Structures are given as C-alpha cells and as structure tokens.
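Here's the structure, in structure tokens; my notes come after.
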There are 2 protein chains.
Amino acid sequence: MTVQRRVIMEALAERKDHPTADQLFDTVRQRLTGISRTTVYRVLETLVGIGVAQKISNPEAKARFDADTSLHHHLVCERCQAIGDIHEPALNQIRLPEDNGTGFAITGYSINFSGVCPGCRTTKH
Amino acid sequence: MTVQRRVIMEALAERKDHPTADQLFDTVRQRLTGISRTTVYRVLETLVGIGVAQKISNPEAKARFDADTSLHHHLVCERCQAIGDIHEPALNQIRLPEDNGTGFAITGYSINFSGVCPGCRTTKH
DNA sequence: TGTGAATTCATACTAAGTGGTAATTTATTG
DNA sequence: CAATAAATTACCACTTAGTATGAATTCACA
C-alpha cells in the first residue's frame with residue numbers, strides 16, 4: 001500500500017459524482033504534487049481488480065469510477081450526463097434470468113435509469 | 001436523407017454486436033469509398049437524436065450503438081467486454097422509483113447484466 | 001538498514017471523439 | 001428541368017482518454 005494508492009482511494013471515496021480518471025487526477029495532483037497521470041489510471045484499475053472500487057457503465061466515451069461496490073443503481077442525466085446513485089432495496093430483488101438462451105453465465109447486474117437531473121430540469125431547454 | 005445516412009443506418013441495423021463508431025466506419029468505408037470518419041460520428045449522433053438508434057451504456061471507454069430502440073437489456077462479458085441482448089418481458093415491468101429523493105425525473109431504464117459470455121466460458125482462464 | 005520486488009514517474013504513443021470551414025449534395029421552388 | 005438556399009459531408013487539425021515501456025524510486029520484510 002503506497003501513499004499514491006491511499007490518496008487516490010480517498011479522493012474517490014469522498015465524492016459521489018462517479019468521476020473519470022482524469023477528474024481524479026486533477027484532484028489528486030493537488031494533494032500529491034508530482035503524481036503521474038499514468039499512476040492514477042493504473043491504480044484505479046488495481047482498485048477495481050481487488051474489488052474496492054468499480055467501473056460504472058455509462059453511455060459516454062470515458063470510464064467512470066465508484067468507491068461504492070455494494071449493489072445499487074444509477075441515474076444518468078440525458079442532458080449533462082451527470083450520474084447519481086439510487087439505493088432502492090426493491091430493485092435488488094430481480095431474479096437473474098437463468099435460461100436466457102444466450103449462454104451467458106450471469107453474475108450480477110445494475111440498472112441505469114435515464115432522466116433529467118435537478119440542475120437540468122430548472123435550466124430552460 | 002443522404003446516401004451516407006442510409007448506409008450507416010443499414011450497417012448498424014444488420015449487426016447485433018453493438019459496434020463502436022470506428023467499427024462502423026470500417027464497415028461503411030468498404031461500401032462507400034471516401035466516406036469520412038467524422039461523418040460516421042456525426043451521423044450516429046443524429047440517428048440517436050432522432051430516436052432510431054441509441055447509445056449503449058457500457059464500462060469501456062467508447063460509445064457503442066444499437067439500432068434496436070425497444071425496451072430491452074444487455075449482457076456484458078466481464079472478460080472480453082462483448083455485449084449481447086436480452087429480451088425478457090419480466091424485466092420490463094420494473095416500477096420507476098417515483099420518490100427517489102434525488103430530484104431526477106426518470107424517463108426510462110435499462111439493465112446491464114454482467115457475466116461471462118459463451119466464448120470466454122470455454123476458454124481457459 | 002539492506003535487498004528484492006513492486007510501484008511509480010516520465011515520455012511517447014495509440015485510440016476515441018470534436019471543431020471549423022470549404023465544397024458537395026439535397027430538397028425545393030418556379 | 002434548372003436555379004438556388006439549406007443542409008450535409010469531407011478534409012484537416014486538434015483535444016481528450018487511455019496504454020506501453022523502461023528507468024528510477026519506494027515499499028515491505030528480514
């Protein structure tokens with residue numbers, strides 16, 4: 001466990017907006033001058049690999065990360081692409097399709113709700 | 001409606017693997033020599049805008065497109081990132097969380113199942 | 001505190017996507 | 001069917017996101 005990993009993990013854990021690797025890099029470099037961009041990318045992959053963070057599925061062309069690895073779901077804003085969390089126990093009861101005819105061995109799932117975030121709702125058009 | 005749009009739409013509609021913009025560009029350029037990469041990107045955004053195609057949420061850092069805009073869900077392979085469709089009526093009955101405490105105006109949803117695809121299941125490791 | 005292994009830094013690179021402008025092409029209208 | 005205005009496309013350069021490689025540093029443990 002290195003200083004870099006701790007700082008990156010902390011930076012990810014303290015925010016709820018599912019940042020991209022470059023966003024985290026901008027945050028982390030202010031706390032740890034000289035940290036390299038490559039390190040942030042690599043450490044994030046490591047964190048995902050050991051199961052303390054996850055990549056969020058999203059329609060944008062960039063990876064987004066989340067320090068919350070519990071079963072929960074996401075709200076994606078159609079306008080500004082912001083991503084919010086939704087913890088709703090009722091959504092965690094979905095029966096995994098066993099015989100789905102696709103041959104996939106399903107291990108988990110996550111629901112992406114699309115909609116319009118509070119900020120974009122109040123902004124005209 | 002231009003030739004380019006028709007060819008791109010056809011190329012997207014005839015495949016089920018949710019291709020990226022560059023994958024479509026490679027296909028389309030063989031049918032329409034001289035078509036520009038930018039055009040493929042722009043037309044795909046247009047097709048999404050008019051509602052005849054959609055962007056698929058996925059954990060990779062690239063946009064994936066789908067000509068099927070009906071309510072259905074996706075299977076994402078953890079190993080090779082392949083994306084398959086799953087049409088399961090039971091999954092289309094989810095009640096949209098009304099009072100979700102987030103202020104989001106929810107308009108739709110899609111479930112991403114994670115797992116291992118048939119190809120990767122039979123390949124060791 | 002020394003040593004080997006793992007991690008990080010620096011740099012350069014590839015891949016994915018965007019922006020601006022001139023040139024085409026389309027659709028429309030007479 | 002030809003003229004023309006509007007929309008679309010091509011070309012080029014550029015930004016952003018992510019990856020590869022090897023040298024240098026740091027960590028963990030004896």
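Quick note: numbers below take in every heavy atom, side chains included, and nothing from hydrogens, waters or symmetry partners. Every chain is numbered from 1, with letters handed out A, B, ... down the list of sequences. These numbers come from a predicted model, not from an experiment.
Atom pair A/R5:CZ and D/dT26:C1' shows a separation of 12 Å (rounding to whole Å applied). Note: NZ (B/K55) to P (C/dA16) measures 14 Å, nearest angstrom. Atom CZ in A/R29 sits about 11 Å away from atom P in C/dA10, given to the nearest Å. Atom-to-atom, CG of B/L44 to P of C/dA16 comes out at 14 Å; the value is rounded to the nearest Å. Nucleotide D/dG18 holds its C1' atom 15 Å from the CD atom of A/Q23, rounded to whole Å. Taking atom CZ of B/R64 as the reference point, atom P of C/dA15 lies 15 Å away to the nearest angstrom. Computed from coordinates, the A/F25 CZ to D/dA17 P distance equals 12 Å when rounded to whole Å. Going from atom CD1 of B/I8 over to atom P of D/dT9 covers 7 Å, rounded to whole Å.
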Could you go through the salt bridge (Lys or Arg N to Asp or Glu O under 4.0 Å) check for B/K16 and B/D68 one step at a time?
CA-CA 9 Å; B/K16 296 270 199 296; B/D68 181 357; over 6 Å; no

Just do the side-chain contact (heavy atoms from CB on, under 4.5 Å) check on A/C117 and A/C80 with the steps written out, would you?
CA-CA 8 Å; A/C117 75; A/C80 72; 3.7 Å; yes

For A/D85 and A/H74, run side chain to side chain donor-acceptor pair (under 3.5 Å): C-alpha distance rounded to whole Å, both residues' side-chain angles, the deciding distance at 0.1 Å, then the answer.
CA-CA 5 Å; A/D85 288 310; A/H74 295 108; 3.2 Å; yes

Step-by-step side-chain contact (heavy atoms from CB on, under 4.5 Å) determination, A/I8 to A/F65:
CA-CA 11 Å; A/I8 293 170; A/F65 295 87; over 6 Å; no

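For the pair B/M1 and B/E45, both in contact range of DNA chain C, the more 5′-proximal nearest nucleotide belongs to B/E45. Position along DNA chain C of the nearest nucleotide to B/T2 versus B/D22 favours B/D22 as the more 5'-ward residue.
There is no side-chain donor-acceptor pair under 3.5 Å between B/H18 and B/N58. A donor-acceptor contact closer than 3.5 angstrom links the side chains of A/R15 and A/T27.
When the nucleotides C/dT8, C/dA16, D/dG18 are ranked by their closest atom to the side chain of A/K62, D/dG18 comes out on top.
Between B/Q4 and C/dT25 there is no side-chain N or O to OP1 or OP2 distance below 4.0 Å.
Contacts between residues 34-43 of chain B and DNA chain D, defined by a heavy-atom separation under 4.0 Å, are made by B/G34, B/I35, B/S36, B/T38, B/T39, B/R42, B/V43.
Identified under the salt bridge (Lys or Arg N to Asp or Glu O under 4.0 Å) test for residues 4-13 of chain A, with sequence neighbours left out: none.
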